[in-house]
Amino acid sequence: MNELLNKQLQTAELQQQHLRQLVRAQDELPDNVKTVAGVDVAYEKDSNRLVAAVVVLDATSLAVEQVVSHYGEATFPYVPGLFSFRELPAILLALEKLPLQPDLIICDGQGLAHPRRFGLACHLGVVTGIPTIGCAKTRLLGEYGPLAASRGSYESLVDNGEVIGRAIRTQTGKNPVFVSIGHKVSLDTAADWVLRLAPTYRLPETTRAADHAVKTLLKLHSLKI
DNA sequence: GCGACAG
DNA sequence: ATCTTGTCGC
């Protein structure tokens, strides 16, 4: 019964090897980014039920403008390195419900800071064509030197001599977040946006809003409301 | 061989 | 990711 799973994982890796070539690491975002979105997925405890949400914020005020969601079931297991295959399908279905696509999307996970340089942020960006940034709470791979304690300080995330992202302190004295290129956004621009979106808390308002939305929706759903 | 391993 | 109580602090 593991043969099918192994085949599925092998196919997913091949997909990554193919799609990774389509990632664009330079700035190709609009001159004036007006909307920024956060995406997240929450899972029900003893089932495969899940809910994905896309929350659109005004890029200047950071006020929530729109929330769309999708209820479904997980069809792929959680495997480090193949995370996007578990979350992307539901995220795409939620995204389709938006009448207007956001100018930029911040993902809760890695972008190029991935073993095959193709984390969730890259996958979502390449599939939709929307500029994306990866902003993870923990590191998947790469090393970084001593990081100053103040907000805004950062160190390069290096893997095999290659800069794959940046460990950035968004709040003085708090643990850093791990930012990497997703699609159509340079690392410098990605870092700027993450800092701009996290003026008060460690995580960007986009991921905080998406996380909150998804947890609330899942709770309401389990209450059959 | 052993441990580590985005969410 | 999810479960899980109280607790310390602004």
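The model shown is predicted, which means the values in this text are computed figures rather than measured ones. In what follows, chains are A, B, ... by sequence order, proteins preceding strands, each numbered from 1.
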Starting from P on B:dA6, measure out to CZ on A:F85 and report it in whole angstrom. 17 Å
Is any side-chain N or O of A:K215 closer than 4.0 Å to OP1 or OP2 of C:dC3? no
Can you tell me the distance, in whole Å, between the NZ atom of A:K174 and the P atom of C:dG9? 13 Å
Using atom CG of A:D159 as one end and atom P of B:dC5 as the other, report the distance to the nearest whole Å. 14 Å
Taking A:K184 for its side chain and A:G129 for its backbone only, find out whether a donor-acceptor pair lies under 3.5 Å. yes
When you get a sec, tell me which of B:dC5, B:dG7, C:dT2 is the closest nucleotide to the side chain of A:T138? B:dG7
Pair A:R117 + A:D159: basic N to acidic O under 4.0 Å: yes
Could you give the CG-to-C1' distance, from A:L120 to B:dG7, as a whole number of Å? 9 Å
Applying a 4.0 Å non-hydrogen cut-off, can you work out what A:A42 is touching in the nucleic acid: base, sugar-phosphate, or nothing? sugar-phosphate
Could you state the atom-to-atom distance from CZ of A:F83 to P of B:dA6 in whole Å? 9 Å
Tell me whether the ring of A:Y78 lies stacked over the C:dA1 base, given a 5.5 Å limit on centroids and a 30° limit on the plane angle. no
Can any side-chain N or O of A:T216 pair as donor or acceptor with the backbone N or O of A:H212 at less than 3.5 Å? yes
Return the value, rounded to whole Å, for the distance between atom CZ of A:R139 and atom P of B:dG7. 12 Å
How long is the span from the CG atom in A:L187 to the CD1 atom in A:I181, to the nearest 0.5 Å? 5.0 Å
For A:I91, report the nucleic acid contact type (base, sugar-phosphate, nothing); a contact means any heavy atom under 4.0 Å. nothing
By the 4.0 Å heavy-atom rule, please label A:G134 as base, sugar-phosphate, or nothing. nothing
Is A:K137 near enough to B:dA6 that one of its side-chain N or O atoms lies under 4.0 angstrom from OP1 or OP2? no
Interatomic distance, A:L124 CG vs B:dA6 C1' [rounded to whole Å]: 15 Å
Using the side-chain heavy atoms of A:Y43, tell me which of these nucleotides is nearest: B:dC5, C:dA1, B:dA6. C:dA1
Whole-Å gap separating P (C:dT2) and CG (A:D211): 8 Å
Considering only side-chain heavy atoms of A:K45, which listed nucleotide, B:dA6, B:dG7, C:dC3, is closest? C:dC3
Kindly indicate whether the side chain of A:V163, heavy atoms from C-beta on, has any atom under 4.5 Å from the side chain of A:L157. no
